[in-house]
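Order of the sequence lines sets the chain letters (A, B, ...), proteins ahead of strands, with each chain counted from 1.
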Amino acid sequence: MTYLAFDPIQVHGLAAAMVRSLDELWTVRCDDPAAYEALRTVRLLRDEIETQWLPLARRVAASLSLTGKALPADLGELRNSLAFVMAVGTDWAVTDDPSGSDLMTPEEARALGARMNRADAASFVSDPAELRWLAGRLERIAADPVLAASFLANFHEWALWGDALGRLRARIVAGVDARTTVTVPELDGVFAAMAHVERSTEPAWLTEMNPYAAAAMVRFLGLHGEALAVAADRILAQHPITDMDALSGPNAADVLFPLVAADSVASARFLSLATRHPEVLFDRPSDTAAGYRLVLHATDPARMSAEQAGVILPRLVQHFATTDPSCDEACYTAQERPENWRAFLVDLVSPWMLQFSPQNQQWPLSNEGRERLLSFVLEDEASLQRFVERADRVQAGFVTSISSGEEHALDELGAFMAMIGALIVNNREQTSLTRQKGWEMITTLAGLLTAAIPGIAVGAGAAMGLVIIGSSVAPDPRGTARQAGFGADLASTSAGAAVAEKIALQWKADGSLPADFAMPPTADPQADLPSQEFMWEFDDWRASLPGGEYGPLADHVTRHVYAVINPGMMGAHSVTLFMP
Amino acid sequence: MPITPADRLRARATALRTLARRLQHLEALTLASRASDRTWVGPSPYACEQSLRGRRRQLLDHVDLLLSTARDLERQAIELR
């Protein structure tokens, strides 16, 4: 039943005025044809008063003599908010509205807001019919700026209603409220409608509402980019454990992470904000892997700039590196780090290895700082093994980040390969499998990464890389341990050799060299100092080129190979690189 | 004395202006404010108020048009002289 509320005295006065108006309207006449439209409006008004509005006013006025001011039993339903507010707040009378109309008025929107402020939200949200009605009503309010302004002018108990909706939703999802007949879609309908009415990108209730409830509502705010990131961070940065989060089932982080991950701008910004309290990323979601997935997705070089990554990655690694026995949630004790954290860190840094290399200055970190972080990430065999298995990510990151200038790119390649070599082939104890895979990674990268250098026979690179792998045997760490930096030397030599091979292939293809001309030397992993061995053989090979040792071909290939290997630094890579 | 075309135009103008003044002072024009939420609230009262307010607006537009038409007629009467 729909009700209307009225002031009996005023309604009597209105009815009397209508009677007088009718008498008056009947007397309005004019014979001039130019008055036709005006008189037609007079007739319409007269008919409407006579047939609709005067009967309504008389019926309403007469209802008082039948029922007095007794209030209907169902007046408390939200649908009767306006009549309820007026009857209770102003002592007006109430009667049923004969129209049964579903019309929404600004007064009703205001009254609904006022009524919701004082209502027992928990009771209302447990009634499916009320929820459906409320969702429909709020959507209509949201669609009309006048109604929305009226509602928002009165309503302020966002947290009260959000928490009531969220608490019941969490209980239903967790399966601990078997008695309720309310469904999650019905609750989400009200969440959505409230969000649509809100329209703000920074609603005040974000930090007043329970995080789970706020997350449930944010899904419907239509936030993107910066606004979504800020909202997610504000929600998750507070009230770490609540009654809703304690229930099994998705918590606030589980609800928000997929939203954030789907928006590259939001995810980058969210990570930037979350580095102030990284536990939000790893301890808040019910499944730590969800946090890992979000971070890895957002920090993919295809989505994040090197500049952004230079701020975010070091802080995240540092979060895991910092341990303190008296630690609160801002850092970990050694035993409390989340599951699989080492594998996560390896995956995190793999695409950004170029930025860890000594020649690269994209990140605002000292060489010592980069060395410390990378050493921490790869300090155990399992991490190293995973790193080796992530050659594709390392390669992808290198290709994305490499400098555009040819000579600088070659310089970076040399330093990069030296660093990779130092990490993989060092004097640590390694299983033969790790050692072999590490060597394969070096040679594969040498071939693949060289192909990414501008101007270096792009297209032949991948194939040549595989040839090198097939003909190589991994170095024995017991034999190489005596020489710190062997790995760095071998890796950069492999890269230099790959560059020479690609140039030679290009010359054969364009006829600069005969097809049967000898290929340049390759790196020898069994040599004590691979770069030195290589350079000796390389010097002989380039001297045999058409034009001789100082001819244009020799000059060209020497310039490129030296940019990678840097003869002045042969055997010296290890001094600054990450040896445990 | 014979009635001239100019006289007829002026008579029409007078009739239209009289009607306009009449409409301007109708009590029906006050009904919308009487039927506002200071008197009653609900779907039907709202529909009543909106309808009365719409008719009021229409009547006042007619008043403007009637007065404008009356001025035109009087101008024509002067030109016929």
*Asks:* Does some side-chain heavy atom of Arg40(A) sit less than 4.5 Å from a side-chain heavy atom of His62(B)?
*Replies:*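 Of all side-chain heavy-atom pairs linking Arg40(A) with His62(B), none is under 4.5 Å.
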*Asks:* Identify which part of Ile49(A) has an atom lying under 4.5 Å from any heavy atom of chain B, answering side chain, backbone, both or neither.
*Replies:*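 It is the side chain, since no backbone atom gets that close.
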*Asks:* Please give me the minimum heavy-atom distance between Ala17(A) and Leu31(B), naming the atom from each residue.
*Replies:*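 Nearest heavy atoms, Ala17(A) then Leu31(B): CB-CD2, 3.6 Å.
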*Asks:* Measure distances from Val42(A) to the heavy atoms of chain B and classify the residue's part below 4.5 Å as side chain, backbone, both or neither.
*Replies:*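 Both parts, backbone and side chain.
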*Asks:* Taking every non-hydrogen pair under 4.5 Å, which of Ser51(B), Ala28(B), Cys48(B), Ala70(B) racks up the most with chain A?
*Replies:*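 Result: the option with the highest number of such pairs is Cys48(B).
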*Asks:* For Arg29(A), is it the side chain, the backbone, both or neither that has a heavy atom under 4.5 Å from a heavy atom of chain B?
*Replies:*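 Contact with chain B involves the backbone of Arg29(A) alone.
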*Asks:* For atom CZ of Arg20(A), is the number of surrounding heavy atoms from other residues, nucleotides or ligands below 6.0 Å larger than 12?
*Replies:*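 It does: Arg20(A) CZ has more than 12 such atoms within range.
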*Asks:* Of all the heavy-atom pairs spanning Gly42(B) and Leu4(A), show the shortest one and how long it is.
*Replies:*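 For Gly42(B) and Leu4(A), the tightest heavy-atom pair comes out as CA-CB, 4.1 Å.
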*Asks:* Side-chain contact, heavy-atom cut-off 4.5 Å: Asp7(A) with Arg38(B)?
*Replies:*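 No - every pair of side-chain heavy atoms lies 4.5 Å or more apart.
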*Asks:* So, applying side-chain contact (heavy atoms from CB on, under 4.5 Å) with Val41(B), which one of Trp92(A), Tyr3(A), Phe6(A) is it?
*Replies:*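 Per the side-chain contact (heavy atoms from CB on, under 4.5 Å) rule, the option paired with Val41(B) is Trp92(A), out of Trp92(A), Tyr3(A), Phe6(A).
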*Asks:* Quick one: what part of Ala47(B) sits under 4.5 Å from any heavy atom of chain A, side chain, backbone, both or neither?
*Replies:*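 Both backbone and side chain.
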*Asks:* Identify which part of Glu37(A) has an atom lying under 4.5 Å from any heavy atom of chain B, answering side chain, backbone, both or neither.
*Replies:*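 When you check distances to chain B, atoms from both the backbone and side chain of Glu37(A) fall under 4.5 Å.
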*Asks:* Evaluate whether atom CZ of Arg58(A) has more than 12 neighbouring non-hydrogen atoms of other residues, nucleotides or ligands under 6.0 angstrom away.
*Replies:*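 Incorrect, the count does not exceed 12.
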*Asks:* If you tally heavy-atom pairs under 4.5 Å against chain A, which of Thr30(B), Leu29(B), Leu59(B) wins?
*Replies:*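 Highest number of heavy-atom pairs under 4.5 Å: Leu59(B).
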*Asks:* Which bit of Leu39(A) comes within less than 4.5 Å of chain B, counting heavy atoms only: side chain, backbone, both or neither?
*Replies:*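 For Leu39(A), the contact with chain B is made by the side chain alone.
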*Asks:* Any chance you could measure Glu27(B), atom CD, to Leu22(A), atom CG, to the nearest 0.5 Å?
*Replies:*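 With rounding to 0.5 Å, CD (Glu27(B)) is 10.5 Å from CG (Leu22(A)).
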*Asks:* Where does Arg110(A) contact chain B at under 4.5 Å (heavy atoms): side chain, backbone, both or neither?
*Replies:*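 Side chain only.
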*Asks:* Does Asp97(A) reach the side chain of Pro45(B), with side-chain heavy atoms less than 4.5 Å apart?
*Replies:*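 Yes, side chains in contact.
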*Asks:* Does the side chain of Leu14(A) come within less than 4.5 Å of Trp40(B)'s, by heavy atoms?
*Replies:*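 The answer is yes, as the side chains (C-beta and beyond) meet within the 4.5 Å cut-off.
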*Asks:* Give, for atom CG of Leu52(B) and atom CD of Gln52(A), the distance between the pair rounded to the nearest 0.5 Å.
*Replies:*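 The CG atom of Leu52(B) sits 9.5 Å away from the CD atom of Gln52(A).
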*Asks:* Please flag which part of Leu23(B) lies under 4.5 Å from any non-hydrogen atom of chain A: side chain, backbone, both or neither.
*Replies:*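 Side chain only.
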*Asks:* Nearest heavy-atom pair of Arg12(B) and Pro33(A): which atoms, and what distance?
*Replies:*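 What the structure gives for the nearest pair is NH2-CG, 4.1 Å.
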*Asks:* Please report the closest heavy-atom contact between Leu16(B) and Ala34(A), naming both atoms and the distance.
*Replies:*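 Of all heavy-atom pairs spanning Leu16(B) and Ala34(A), the closest is CD1-CB, 3.8 Å.
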*Asks:* Less than 4.5 Å apart, any side-chain heavy atom of Leu19(B) and any of Asp32(A)?
*Replies:*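 When only atoms from C-beta onward are counted, Asp32(A) and Leu19(B) do not touch, as no gap falls below 4.5 Å.
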*Asks:* Does the side chain of Thr2(A) come within less than 4.5 Å of Pro43(B)'s, by heavy atoms?
*Replies:*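 When only atoms from C-beta onward are counted, Thr2(A) and Pro43(B) do touch, with a gap below 4.5 Å.
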*Asks:* With heavy-atom distances below 4.5 Å as the criterion, would you say the side chains of Cys30(A) and Arg22(B) are in contact?
*Replies:*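 Not touching, per the 4.5 Å side-chain cut-off.
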*Asks:* With a 6.0 Å cut-off (strictly less than), is the heavy-atom count around CG of Asp23(A), excluding the residue itself, greater than 12?
*Replies:*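 Enclosed: over 12 neighbouring heavy atoms sit under 6.0 Å from CG of Asp23(A).
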*Asks:* Relative to chain B, which segment of Glu107(A) carries a heavy atom at a distance below 4.5 Å: side chain, backbone, both, or neither?
*Replies:*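 Contact with chain B: side chain only.
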